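Here's the structure we're looking at; comments come further down.
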Protein chains: 2
Amino acid sequence: MPRERVTLRDVARLAGVHPGTASRALNAATRSLVNSETAQRVLEAALTLDFRPNPVARSLKTRRSDTVGVLIPDLTNPLFPPIVRGIEDHLAARGYVALIGNTDNDDQREMRVFEGMRSRQVDGFILATARRRHPLLLRAAEDELAVVLVNRVVDSHAFPSASVDDARGSGLAVAHLAGLGHRRLAHLGGPQALSTGVGRYQGFLAGMETAGLEVDPALVAFADGFSQQEGARRCRDLLRVSPRCTAVVVANDLLALGCYAALAEAGLRCPEDVSIVGFNDMPFIDRVHPPLTSVAFSHYRIGAEAARLVLERIADRHAPVTATFLQPELVVRQSTAPPPRGG
Amino acid sequence: MPRERVTLRDVARLAGVHPGTASRALNAATRSLVNSETAQRVLEAALTLDFRPNPVARSLKTRRSDTVGVLIPDLTNPLFPPIVRGIEDHLAARGYVALIGNTDNDDQREMRVFEGMRSRQVDGFILATARRRHPLLLRAAEDELAVVLVNRVVDSHAFPSASVDDARGSGLAVAHLAGLGHRRLAHLGGPQALSTGVGRYQGFLAGMETAGLEVDPALVAFADGFSQQEGARRCRDLLRVSPRCTAVVVANDLLALGCYAALAEAGLRCPEDVSIVGFNDMPFIDRVHPPLTSVAFSHYRIGAEAARLVLERIADRHAPVTATFLQPELVVRQSTAPPPRGG
DNA sequence: CACGCGGCCGCAAGCGTTTGCAAGCGGACC
DNA sequence: GGTCCGCTTGCAAACGCTTGCGGCCGCGTG
């Protein structure tokens, strides 16, 4: 367990070769350039000295860093930790590490951490912060950075992405409620500047159509952000329209929690008076009261998939861009029930 | 918005000075070594060229990286994201970034990510993974790395740390329950290899003593980890002893959720039959059913404090080590009530 | 007037790698 | 036997920055 840093020259000296040769021998990609016996000697020398190449020096030369930047709107949103885990696990298995940054949905801040990471020579980015039209992303594209999107996508198909089939998810929710006998459905949507917001809204519309139900424009509201407060605020509005809806398809679990609050304020019970279905099936949402029916998908998997994509992209900047969409499923819990009599 | 990378030589050329001088001018610490007029000229040149120093090159030379490694047992445990936020916000404000790694409570894995970060030249570490006696930490200490602990501490006082006064927290819990009239209290403790486990246990004992209550050894159990499963398992055991306890002081909210499950299995109600108080007041724990009474403290603040400490340590490796303990408070919700008649 | 000293700045040697270039060395081929 | 070629390997120049050292210049002092 040598305390002093052992460098390439040390192993070269021990193996009796020039550092350049040692470098080639150590690097799998260039190993074929050196005689296999000497390569072997170098490998052994490296092993006995417990040589760890200095990634910083290597970065300086190669302009790569085996690091990818991950931009998250807010890590305390329970949706993201499992995604990050998926990313990290996948990257770690391949010798990469993740540099995490929160943006708080703030453009300024996003730009700052983006530039910070970039100057730190990250090889690529995974963004969970995409808006449908995103200035940062345009710049990234023209600079030919390796960027992939997770959870949210952009309108243009310029970036690889890993996300869930939002429309399908909402469709499942509508079908479930329609099956229970609901006819008067509301939609509490997310910000329409986000792909998740519009996708889930479109899915709601499509689902209503296939269920043969009419959508009442008064029963559609959009939140400005995915938060409990926004959920409560918009839900209050929705509850004011009469006749009242008997169920609401909500674009996100946090918004749904807000709905719970609004219902309680209004003296309404869930699911007896109003059914609620959320989206994301976020951790612990099965423990709230009542346990929330929600559209589920594996957060971990979209994270891992995003990591896979970014590595692919790093390896070949001009690989075809692939967008993968996980198929969601509805997990039915106790926030949905048949509509009240006369509803 | 120049696309080509602008280097120090570029700004030096523009300012008409030697790159070395430019370097000194740009670096606040060495600025006094250069004439203030030329310094000004260099600054302006840097500004007009939009110069961003290459941190990698700087790292190579200085062996510093403005990066700190953060080791987390498991990011999907809701306790940690707010801590990480606190760390990142504090670091970001000072030009540092955080390299996050999960260890899954696995020594091997911890060692790997630790070494990975170290070779990437991180300036310091914040560990949320400390066990009371921790081999990794011993090595770190002898290598004189800047290491601080967050949430958990070690037995030796060799490391700065930011955490909560665990004993006091349990004490508050006991006092609250005693005040409600409970006499037969159980303790579901955490792993005794962790400072949080023993601290909360000690606090329980002390609290019982000051409340003038006897602790029944049969009513004390320790979980092997902070998970819902472990909570349910140990709670089942606890509920088997007779006469039954009327309240249990639980070392962690996840364990408490497990208790909820165990109670439900046993056909017991919370709080009518058994009161439960948790620890951490983790996000969304106010939304479970019943809302959990829990020992609260600011996760964000211990994160930020840890960040402050690690920067302090980086600046002066031999600064006195300070351990700061936040004072917790009990937030009373609906999982606690007076004991049942005859309890 | 000589000397010393301090302020400012240029010089160049790195930090630990990677990599284009070229040289040495056999062997094959004519 | 000479030429050419391919395989290995050494050489040295980067990558972009920091920093010890020393030089230059101007001024104060004895």
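Note that the structure is predicted; figures quoted are calculated from it, not measured. In the text below, chain A, chain B and the rest are named by the order of the sequence lines, each starting its count at 1.
Within the structure, every pair that satisfies the side chain to side chain donor-acceptor pair (under 3.5 Å) test and touches residues 64-78 of chain A, not counting sequence neighbours, is listed here: A:Arg64-A:Asp66, A:Ser65-A:Asp123, A:Asp74-A:Thr76, A:Asp74-B:Arg85.
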Steps toward side-chain contact (heavy atoms from CB on, under 4.5 Å) verdict (A:Leu14, A:Phe51): CA-CA 12 Å; A:Leu14 179 57; A:Phe51 168 68; over 6 Å; no
Chi angles and distances behind the side-chain contact (heavy atoms from CB on, under 4.5 Å) call for B:Asp50, B:Val6: CA-CA 8 Å; B:Asp50 189 27; B:Val6 17; 5.5 Å; no
Residue pair B:Val42, B:Val11: steps toward the side-chain contact (heavy atoms from CB on, under 4.5 Å) verdict: CA-CA 7 Å; B:Val42 171; B:Val11 356; 4.1 Å; yes
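Shown are B:Leu127, B:Leu309, B:Val154; of these, the side chain to side chain contact (heavy atoms under 4.5 Å, CB included) with B:Phe159 is made only by B:Val154.
Here D:dG6 presents its P atom at 18 Å from CG of A:Asn35, a figure rounded to the nearest Å. The distance between atom CZ of B:Arg120 and atom P of C:dG16, rounded to the nearest whole Å, is 18 Å. Summarising the geometry, the separation between CD on B:Gln121 and P on C:dG16 is reported as 9 Å, rounded to the nearest angstrom. Here C:dC15 presents its P atom at 20 Å from CZ of A:Arg52, a figure rounded to the nearest Å. The nearest whole Å value for the distance from the CZ atom in B:Phe51 to the C1' atom in D:dC17 is 8 Å. Rounding to whole angstrom units, CG of residue B:Asn54 and P of C:dC15 are separated by 18 Å. One atom, CZ of A:Arg9, and another, P of D:dC11, lie 11 Å apart when rounded to the nearest Å. As rounded to whole Å, 10 Å separates atom P of D:dT8 from atom CD of A:Glu37.
Side-chain atoms of B:Arg31 come within 3.5 Å of backbone N or O of B:Leu26 as a donor-acceptor pair. Judged by distance alone, with hydrogens and angles left aside, the side-chain atoms of A:Thr103 form no donor-acceptor pair with the main-chain N or O of A:Glu110 at under 3.5 Å. Side-chain N or O atoms of B:Asn102 include none that pairs as donor or acceptor with a backbone N or O of B:Asp104 at under 3.5 Å. Put simply, the side chain of A:Ser59 gets close to the backbone of A:Pro55: a donor and an acceptor are under 3.5 Å apart. Side-chain atoms of A:His134 do not come within 3.5 Å of backbone N or O of A:Leu136 as any donor-acceptor pair.
Within residues 56-66 of chain B, the residues approaching DNA chain D are B:Ala57, B:Arg58, B:Lys61, B:Thr62, by heavy-atom distance under 4.0 Å. Annotation: proximity of residues 14-29 of chain B to DNA chain C (heavy atom, distance under 4.0 Å) is found for B:Val17, B:His18, B:Thr21, B:Arg24, numbered in ascending order.
Within a 6.0 Å radius of CZ in A:Arg301, other residues, nucleotides and ligands contribute 12 heavy atoms or fewer.
Residue A:Pro53 is classed as a sugar-phosphate contact, given heavy-atom separations below 4.0 Å to backbone atoms only. Among the atoms of the strands shown, none is found under 4.0 Å from any heavy atom of A:Thr30.
Taking 4.0 Å as the cut-off between side-chain N and carboxylate O, A:Arg131 and A:Asp107 count as a salt-bridged pair.
In the helix from C:dC1-D:dG30 to C:dC30-D:dG1, the terminal helix axes, each the rotation mapping four pairs' C1' atoms onto the next four within five end pairs, subtend 60°, rounded to 10°.
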All N/O contacts under 3.5 Å from nucleotides 22-25 of chain D to the protein, with atom names and distances to one decimal?
none

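With sequence neighbours excluded, the residues forming a side-chain hydrogen bond (donor to acceptor under 3.5 Å, both in side chains) with B:Arg308 are B:Glu305, B:Glu312, listed by chain and number.
The side-chain heavy atoms of B:Glu88 and A:Ile100, taken from C-beta on, include a pair separated by under 4.5 Å.
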